[in-house]
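Structure first, then comments.
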Amino acid sequence: MSAASAFSPQVSLPPELYRQAVEEADLAISITDRHANILYANAAFTRVTGYQPEQVIGHNESMLSHRTTPREVYQELWTRLAAGQPWNGRLLNRRQDGSVYLAEVSITPVHAPDGSVSHYLGMHRDVTTLRQLECMVNNQKQLIASVLDAAPMVFALLDGNGGLMLSNQAYHSMARELSNDNPAHALMDTLCPDWRAQLASDPAHCTFTDQEARLDRPGGAPRWYTCSAQLIRLSNEAVDGFFCAQNAVGLLLTCTDITALRAEQERARTAALKAILADEERVASIRESLSAALFRLEEPMNVIFSAVNLLRRRDPASASMLEDALDASRVHLDALREVIPPRGPETMSNVNLNEILRDVLDIVTPSLLANGVVVDWLPAPTLPTMYGRSVQLRILFKALIDNAIEAMSGKGWARRELTLKTRQRDDCIVITVADRGPGMSPDCELRAFEPFFTTKRGGGRHLGTGLSRAYQVATDHGGYIDLGENPGGGCLVTVEFRLDGDPV
């Protein structure tokens with residue numbers, strides 16, 4: 001079969017069929033001469049304009065103009081028509097009743113056999129409602145964009161592939177602040193690590209409500225956000241999905257910056273911890289002082305008891321009087337023992353010693369600044385939790401740091417450096433507290449953990465140095481404390497705990 005025979009010859013249609021097709025078309029059609037005088041108008045033309053054919057035949061198309069269309073539009077129209085080219089555009093027209101409508105117009109030159117333009121074929125439709133809908137959609141879009149940009153909350157809409165579809169000014173500000181082109185991905189990676197795969201297979205898995213996330217800033221303090229993610233059903237824009245519409249899925253991420261709130265909460269928590277530790281130290285000081293007083297009162301009473309035994313043979317009457325006095329004194333001592341405050345109960349829980357030490361550093365920061373002590377904090381990047389009493393552990397490390405600060409606070413002491421380091425060694429957690437103070441003599445190292453021992457002249461605030469309490473806390477947790485010499489000068493304190501809680 002030849003190429004020519006592959007196509008059927010054009011079927012000749014009767015002229016009346018062409019005229020009937022134009023007449024019954026739902027598009028307003030008019031035919032004019034070269035000067036735009038109307039020669040023909042179909043029924044749809046009457047429906048759109050309100051003019052009957054006899055009212056427009058012989059009149060110029062300009063009778064439809066509302067006279068508010070810019071002159072430049074008409075100039076462009078006639079320039080293209082004069083060049084024999086079609087023109088498409090929108091014009092403001094006026095109906096027969098005087099009402100205004102927006103017409104979408106297409107004018108095509110009709111050429112004579114000699115190639116000259118003999119007539120113009122005009123087609124137009126009323127797009128007033130369409131224009132109104134376009135304006136409404138655009139206004140809604142502008143309104144939504146304005147509201148989103150004015151909102152302090154971060155909005156980011158991700159498509160099914162994780163691409164950013166929509167965002168507001170708060171999101172862009174967050175991106176600049178974090179030096180991250182797409183912080184939404186960083187937040188999702190933190191809160192839902194497998195979100196990329198789940199968004200395609202199980203989108204509901206990616207949703208969450210009021211989850212907190214921390215994002216670190218280069219060279220700055222971290223920022224905290226509370227975030228929620230919810231699914232948005234989106235219409236499929238693909239043309240081939242018109243009849244078999246499959247809704248696409250978007251993920252709307254909303255975030256609120258709670259850094260200031262977290263900082264305030266942290267300050268309140270630190271203040272509460274400081275009050276708890278101060279109260280515990282006060283009670284412990286009272287307990288130590290009363291215990292020391294009882295300890296020292298027991299010595300002369302033991303001497304008196306020995307004297308009573310000696311006098312019982314020689315002078316029974318005097319011995320009896322002393323014995324009565326001794327019994328009365330023992331009653332008073334027992335009463336004094338009763339008022340010694342007991343240790344407060346505290347439940348055991350899983351604690352992270354890095355967090356414990358950070359809390360203690362926050363609490364002693366004013367003392368560190370007041371004494372000009374520089375801290376080198378070297379925590380292990382990851383540290384397993386241990387089972388213990390958080391308040392007692394804070395007391396332990398605060399006592400060690402307080403003693404290190406006091407050791408370096410002597411007048412004229414230049415090297416005021418404190419190094420705190422945590423690490424895991426096998427099944428143990430090791431914490432070292434190293435200062436650059438004057439160090440401790442061998443005798444002091446041996447007696448440092450004795451109750452009521454102190455190197456402070458005049459006894460200081462209380463009889464103990466706090467190290468005895470620290471030692472007790474360590475042993476209560478199955479750990480130990482070792483005192484040694486810092487290779488760089490000063491004192492090195494090593495604290496070690498087993499992860500299983502057994503004694504080291």
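One finds no salt bridge joining Lys274 and Asp362 here, because no Lys/Arg side-chain nitrogen approaches an Asp/Glu carboxylate oxygen to under 4.0 Å. Classification of Asp279 and Arg282 as a salt-bridged pair holds, one side-chain N sitting under 4.0 Å from a carboxylate O. Using a cutoff of 4.0 Å between basic side-chain nitrogens and carboxylate oxygens, Asp359 and Arg269 are scored as salt-bridged.
Side-chain contact check for Tyr171 versus Leu164: some heavy-atom pair is nearer than 4.5 Å. Thr190 is not listed as a side-chain neighbour of Gln211, based on a closest heavy-atom distance of 4.5 Å or more. Side chains of Thr129 and Tyr101 form no contact here, defined as non-hydrogen atoms less than 4.5 Å apart. You'll find the side chain of Leu420 stays beyond 4.5 Å of the side chain of Ile431, heavy atoms only. Annotation: side chain of Glu323 is in contact with side chain of Asp327 (closest heavy-atom distance under 4.5 Å). In this structure, the side chains of Trp377 and Asn354 come closer than 4.5 Å at one or more pairs of heavy atoms. In this structure, the side chains of Arg389 and His477 come closer than 4.5 Å at one or more pairs of heavy atoms. In this structure, Glu134 and Arg131 have side chains that are in contact, with non-hydrogen atoms separated by less than 4.5 Å.
Annotation: the span from Ile144 atom CD1 to Asn168 atom CG amounts to 12.5 Å, rounded to 0.5 Å. Taken from CZ in Arg125 to CZ in Arg90, the straight-line distance is 7.5 Å, to the nearest 0.5 Å. One distance of note links CE of Met174 with CZ of Arg223; it measures 10.5 Å at 0.5 Å rounding. Separating the CE atom in Met188 from the CD atom in Gln198 is a distance of 10.5 Å, to the nearest 0.5 Å. In this structure, CG in Leu178 is found 8.0 Å from CG in Leu187, a value given to the nearest 0.5 Å. Ser390 OG to Leu273 CG: the interatomic distance, rounded to the nearest 0.5 Å, is 8.0 Å.
For CG of Asp202, the number of neighbouring non-hydrogen atoms (other residues, nucleotides, ligands) closer than 6.0 Å is greater than 12. Around the CE atom of Met321, the shell of radius 6.0 Å holds no more than 12 heavy atoms that belong to other residues, nucleotides or ligands.
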Before you tell me yes or no, could you show the steps for Glu417 and Val373 under side-chain contact (heavy atoms from CB on, under 4.5 Å), namely the whole-Å CA-CA distance, both residues' side-chain angles and the distance that decides it to 0.1 Å? CA-CA 6 Å; Glu417 300 172 9; Val373 177; over 6 Å; no
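Of all heavy-atom pairs spanning Leu253 and Ala229, the tightest one is CD1-CB, 4.2 Å. Looking at every heavy atom in both residues, Gly160 comes nearest to Leu199 through O-CD2, 3.6 Å.
Asp482 places no side-chain N or O within donor-acceptor distance of the main-chain N or O of Thr494, the cut-off being under 3.5 Å.
For the side chain to side chain contact (heavy atoms under 4.5 Å, CB included) with Met408, the lone residue among Asn403, Leu418, Asn371 that qualifies is Leu418.
Using bins of under 30°, 30° to 60° and over 60° for the plane-to-plane angle, the ring pair Trp195/His185 lands in the tilted bin.
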